[in-house]
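The sequence lines fix the lettering, A, B, ..., with proteins before strands; numbering per chain opens at 1.
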Amino acid sequence: MSGTERIEKRGRYNFTEIEAKWQRYWQEHETFKVLNPSDCGADTSKPKYYVLDMFPYPSGAGLHVGHPLGYCATDIICRYKRMRGFNVLHPMGFDAFGLPAEQYAIEHNVHPADTTRANIETYRRQLKMFGFSYDWSREVATCEPDYYKHTQWIFLQMFKSWYDDQLEWTDPQGNQTIGRATPIEELVAQFKSGAWGVDADLELVRDKETPRREWVDLSKAERRQAVNNQRLAFIDEVAVNWCPALGTVLANEEVTNDGRSERGNHPVYRRPLRQWMLRITRYGDRLLNDLDDLDWPEPIKLMQRNWVGRSTGAEVIFPLAKDWAVEGGEWKCLCGSCADQPVFSDFPRSIKVYTTRPDTLFGATYMVLAPEHPLVGEIITDERKGEVETYVAQARNKSELDRTADTKEKTGVFTGAYAINPVNGKEIPIWIADYVLMGYGTGAIMAVPGHDTRDCEFAKAFDLRIIPVVMPTDEWLAQEEIRPADLQDVDVLSEASMRDLRDAYRKSPESFVEVFVDQGVAINSQQFDGMSTAECKTKITKWLESRCVGRTAVNYKLREWIFSRQKYWGEPFPVLHGEDGETIGLDESELPVELPPMDNFKPTPVEGDSDSVPEPPLGRAKAWATVERDGKDWRRDLNTMPQWAGSCWYYLRFIDPHNSDIFCASEAERYWMPIDLYVGGAEHAVLHLLYARFWHKVLFDLGHVSTREPFQRLFNQGMIQSFAARTSRGTVVAPKQLGLQEADGSITPLTDDQCMHFVNDDLPEEDVKRLVEQEGGEPVARVVAKMSKSLKNVVNPDSIIAEYGADTFRMYEMYMGPLDAAKPWNTQDVPGLFRLNQRIWRLVVDEFTGENSVDLVDVEPSDEALRLLHGTIKRVTEELEQLKLNTAIAALFDFVNGMTKLGKRPRKVIEPFVLLVSPFAPHLAEELWARLGHGKTLAYEPWPVHDETLAKDDEVEVAVQIMGKVKARITVHVDADEKTLEKVAMADAKIQSLLQGKTVRKVIVVKGRLVNIVAN
RNA sequence: GCGGCUGUGGCGGAAUUGGCAGACGCGCUAGAUUUAGGAUCUAGUGCCCAACGGGCGUGGAGGUUCGAGUCCUCUCAGCCGCACCA
């Protein structure tokens, strides 16, 4: 190591050489390579700790300062855990498939594989500069065939399974569970044996009472459909955001409010398209319930719960008035072709709705269908046809965002048809309105304008009846700002005026300013009158059930996952499509299905609102797309999987990254899972984490993984923000783009020094007045903003590392504030941490001679030095355990300050301190450890343990308060009891004088803290 | 609109969970030092006042308590998520 000699000669803290040296050392010695239990030499007696970072998407811009925030934190924890005797798995890889690479490829005519490879190299180089203790031998990239072979394999498992939601089983962890992913063969066997059948829509029917069709009577295509209707991965036609110009489906987030594509501003249309779907909703309950046992931030759990959006209520059937009548409580079919007294699951010519408020059924005065509802065409009367069709056509082309824009007024059309309210036999009009979404519930609602704000708005707009069926609480009725104008003066305390209010509500609920949507007491509901909302819900549902027109139901906001993209740079689907519409999964031995080499990734543009949908780019790879098998022609699927696919299981691949047979060997999986700590940004709070949990549960059901949940503990790092300026118009610009307006109107750009003062908010007042944005000359104010390319305030870690070193960078980011808080980057603060590292360096090294400092002494440390050390060990350890890394570093500062005061540095104190420093500034600590005479890395040295008796001072200062205000301080023994404390406090001269002429009422003593004297 | 989070000096942030508000760092002030180094060391640094004393201070207003940054009620501001979910 020639570099060391030079360092010794100069003796200064030369971070460049030290960091290069130790990074080389770690690499050469494979210091952080960790073994799997079956590997030769593995020590399975140690406890395991699996720490995972959210792996990055390698974009062209390279790493920014936000990435390493979480990575530094996990690295510190990993280094700490190793020293605490854990086998630590700490891997890193790249989420390498995705749209940006493809867009870049189209614009610059390069292959996404090439740019991705180059970007990965940049990222890897940058990540290595930080000295992270990753086991690089486990690196993966999701775009490599070795990797996506298994992504395809997992997809096949979903294609080959279905969710048996009634199967009761005990999972390997001993939990009683209902519902499980099961091989599709078991479903087919049940069909074949005649145990199960299907309904008219080829959906599964288990009981034999319900009218159903049997397997033997189904055509080949129908059988395939019946099975497809259950598969976890299936093909279905769904309404999507189709952008003809871009030639792809867009996510809702990629569509602007005026129905155009975010990228390119092209028109976007709602189109029903055949897409791969994953049946994630079957896991809704488990995705919800299993959150309870996870050590995640509550807000994230809440976001996931809201996303799943489970609600309970009832499905209710509203028969069409032209086809059904009620005679003597029995349903009578008017068309003659339907069975009288139909069963719930087979009630022809009726509208099924979902409601969370079956108790308000008597208040349902009209119905609304979503414009896309399949019954719309059937029920419109001839005279309404034109108007309805125009409305439906309009709604069809609106994006979801457009339709749900909040300020929008209610629109709709009457169909001319009526339905029968099953609770009272009354005929109610059926309307069509886009405030009802096809994607939720049944796509149809019963409207209760008396107790639903949206229905009320609609009813008022179209002059529909409003019937109150829930009497609000007195408290609600009595609110002044809600009461009708003519009842403003009543005395709400009297029972008589409450009666007036109730009568007024009964007569015209719309005269109250707000709609009552809460729980109350049923009115106008015949035999259910007087029941509480909760009771009424159950009773009405039971009543409906007994008449086969309703049943309890559960609904989710969660939608099935649209899983295909019309793009090149993603995982191909491992399936073949036959000419007759059959889709088969490939055999495992045929994986991976590699992407064909191509050089043109452009979508085929289509003009305007055409129904034709062009082929995805993969369609141009003609030879690849066609496969001959068993004498028949098959076609590959031309779609690819979305970017989420690879990240749904990467944490499993890290466990066994080079296994070419299976995605992850079971023994290793059982050893390492679940992940003990998962750190990443809150932007993945819902989608990635939900999708990955879903895949994991499928793998768990099928016996491929051993834990119900992948990520036991989750931690969200906060965003690194930037100081910026906001102009009076609201534009945000970086400090560098500011200037001072001179008297002649010209603008002088801010100097670096002035920028600093701007950031610190302490520019001289006359400068603040002249502060303007350079380009527009508009006045600005200081704000904290997101770092963004357009703001030109992105800080590149490379330059900071070059200037101050990786150890300083790591320390600075950890010292900025709490890990989970958003905080602004301030380069000005970096030198403070650089100074800390220099001071730590000088605790050991004499800067001039380069030898160990003469103050470093081999004598027994003083009590004071020991107290300092053990206090520091205690603090650092406790803060590390809680991921409070900012205050842990504050403890390091305190130690160095303390040592500076003490002068001499006993080796017995300095050595453990170097170990405490090592997770934070590993290069520095390794170098000092070597200079202290140790021959090998400190990465596996035991973590220092503090001795409580040494950490404590014998004496402690206690505050003495009078009436809660500190008036004096006394010094007492740490263990002094309450009585002693009180005595010493009362004896204090100052306290004595302040108590002159006052009566002591009470004395509160908190041991070791304070004495509070209550006196007047 | 609904839900969540956050408001503490000139700046970033501490505060043992109801017990001395402002740890630690940045910046600033003064001094020492010279090995002129992205130095170091010492002292100071919340605000106000008639200044070895006193008053006020954790977005604002109330409240509970011997005692509140911390708990309760109301309120303001900022950020994030969802958004016609029946």
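- Scored by the side chain to side chain donor-acceptor pair (under 3.5 Å) test, A:Asp285 finds A:Arg310, A:Tyr556 as partners (sequence neighbours excluded).
- With sequence neighbours excluded, no residue forms a salt bridge (charged side-chain N to carboxylate O under 4.0 Å, His left out) with A:Arg1009.
- Closest approach to the A:Lys1002 side chain among B:C11, B:G3, B:C66 is made by B:C66 (side chain taken as heavy atoms from C-beta onward).
- As rounded to whole Å, 7 Å separates atom C1' of B:C11 from atom CG of A:Asn826.
- Between A:Tyr354 and B:A86 there is no side-chain polar atom (N or O) within less than 4.0 angstrom of OP1 or OP2.
- Along RNA chain B, the nucleotide nearest A:Asp455 and the nucleotide nearest A:Ala890 are compared for position; the residue whose nucleotide lies closer to the 5' end is A:Ala890.
- Annotation: B:U75 and B:A86 have their C1' atoms spaced 33 Å apart (nearest Å).
- Under 4.0 angstrom from either OP1 or OP2 of B:A14 there lies at least one side-chain N or O belonging to A:Asn886.
- Not a single donor-acceptor pair, N or O on each side, falls under 3.5 Å between the base of B:C26 and the side chain of A:Asp829.
- Every residue meeting the side-chain contact (heavy atoms from CB on, under 4.5 Å) condition with A:Arg559, not counting sequence neighbours, appears here in chain and number order: A:Tyr440.
- Rounded to a whole Å, the CD atom of A:Gln304 is 16 Å from the C1' atom of B:C80.
- Under the side chain to side chain donor-acceptor pair (under 3.5 Å) criterion, A:Lys904 pairs with A:Asp855, sequence neighbours left out.
- A donor-acceptor pair under 3.5 Å is formed between the side chain of A:Gln304 and the backbone N or O of A:Ala685.
- B:G10 and B:G22 are spaced 14 Å apart, taking the C1' atom of each and rounding to whole Å.
- A heavy-atom distance below 4.5 Å is not found between the side chains of A:Ile466 and A:Thr365.
- At a threshold of 4.5 Å between non-hydrogen side-chain atoms, the residues A:Val65 and A:Glu813 count as touching.
- Among B:A23, B:C41, B:A86, the nucleotide with an atom closest to any side-chain atom of A:Tyr440 is B:A86.
- The base of B:U16 is paired with the side chain of A:Arg1009 by a donor and an acceptor separated by under 3.5 Å.
- Here A:Leu1010 lies in heavy-atom contact (under 4.0 Å) with a base.
- For A:Phe758 and B:G27, the CZ to C1' distance is 17 Å, given to the nearest whole Å.
- Here the shortest heavy-atom pairing between A:Pro297 and A:Asn716 reads CG-OD1, 3.8 Å.
- One can place CD1 of A:Ile430 at 22 Å from P of B:A86, the figure rounded to the nearest angstrom.
- Contact annotation: A:Asn897 reaches the phosphate of B:G25 (side-chain N/O to OP1 or OP2, under 4.0 Å).
- Stem regions annotated for RNA chain B: B:1-7 with B:76-82, B:10-12 with B:24-26, B:27-32 with B:40-45, B:46-49 with B:53-56, B:59-63 with B:71-75, counting only runs of 3 or more consecutive pairs of Watson-Crick or G-U type with both contacts under 3.5 Å.
- Aromatic ring pairs are classed by plane angle as parallel below 30°, tilted from 30° to 60° and perpendicular above 60°; the pair A:Phe834 and A:Tyr13 is tilted.
- In this structure B:G9 sits in the syn conformation; its chi angle is within 90° of 0.
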**OP:** Apply salt bridge (charged side-chain N to carboxylate O under 4.0 Å, His left out) to A:Lys460 and A:Glu457, showing your working.
**Re:** CA-CA 5 Å; A:Lys460 281 181 177 164; A:Glu457 277 171 34; over 6 Å; no

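- Taking A:Thr827 as the reference, A:Trp825 meet the side chain to side chain donor-acceptor pair (under 3.5 Å) condition, with sequence neighbours excluded.
- Among residues two or more places apart in sequence or in another chain, the salt bridge (charged side-chain N to carboxylate O under 4.0 Å, His left out) test is passed with A:Asp807 by none.
- For the segment residues 809-822 of chain A, the set of residues with a heavy atom within less than 4.0 Å of an atom of RNA chain B comprises A:Tyr815, A:Met816, A:Pro818, A:Ala822, in numerical order.
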**OP:** Spell out protein contact along nucleotides 68-74 of chain B as letters: B when the base is contacted, S when just the sugar-phosphate is, - when no protein heavy atom is under 4.0 Å; keep the 5' to 3' order.
**Re:** -------

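- Nucleic acid contact class of A:Glu878 (heavy atoms, under 4.0 Å, all strands): none.
- Residues passing the salt bridge (charged side-chain N to carboxylate O under 4.0 Å, His left out) test with A:Arg835: none are found, sequence neighbours excluded.
- For the salt bridge (charged side-chain N to carboxylate O under 4.0 Å, His left out) test, no residue two or more places apart in sequence or in another chain qualifies with A:Asp829.
- With distances taken from any side-chain atom of A:Phe893 to the nucleotides B:C24, B:U42, B:A86, the minimum falls on B:C24.
- A centroid separation of less than 6.0 Å is found between the aromatic rings of A:Phe895 and A:Phe913.
- Distance noted for atom C1' between B:A15 and B:C24: 12 Å (whole Å).
- If you check every strand for non-hydrogen atoms under 4.0 Å, A:Lys823 touches sugar and phosphate atoms only.
- What separates CD of A:Glu879 from C1' of B:C24 is a distance of 11 Å, to the nearest Å.
- Applying the 3.5 Å distance criterion, the base of B:C84 shares a donor-acceptor pair with the side chain of A:Lys410.
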Enumerate the protein-to-nucleotides 37-39 of chain B contacts in which both atoms are nitrogen or oxygen and the separation is below 3.5 Å.
unit_1	atom_1	unit_2	atom_2	d
B:G38	N1	A:Glu803	OE2	2.9
B:G38	N2	A:Glu803	OE2	2.9
B:G38	N2	A:Tyr804	OH	3.2

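- You'll find that the side chain of A:Ile1004 is closest to B:G19, out of B:A86, B:G12, B:G19.
- Taking atom P on both B:G18 and B:U70, the two are 11 Å apart, rounded to the nearest angstrom.
- Residue contacts shown for A:Lys884 are limited to sugar-phosphate atoms, with no base heavy atom under 4.0 Å away.
- For the C1' atoms, the distance linking B:G3 with B:U8 amounts to 26 Å, nearest Å.
- Separating the CE atom of A:Met719 from the P atom of B:C5 is a distance of 17 Å, rounded to the nearest angstrom.
- The gap from the P atom of B:C71 to that of B:C52 amounts to 39 Å, rounded to the nearest Å.
- If you take CG on A:Leu302 and CG on A:Asn306, they are separated by 4.5 Å, rounding to the nearest 0.5 Å.
- Using a 90° window around 0 for the glycosidic torsion, B:U58 falls outside it and is classed as anti.
- Aromatic ring orientation, A:Phe458 versus A:Trp431: perpendicular (interplanar angle above 60°, classes split at 30° and 60°).
- Atom CZ in A:Phe723 sits roughly 16 Å away from atom P in B:C26 (whole-Å rounding).
- Between A:Leu302 atom CG and B:G3 atom C1' the separation is 7 Å, expressed in whole Å.
- Comparing A:Val956 and A:Leu833 against RNA chain B, the residue whose closest nucleotide sits nearer the 5' end is A:Val956.
- Residue A:Asn1012 is classed as a base contact, given a heavy-atom separation below 4.0 Å to a base.
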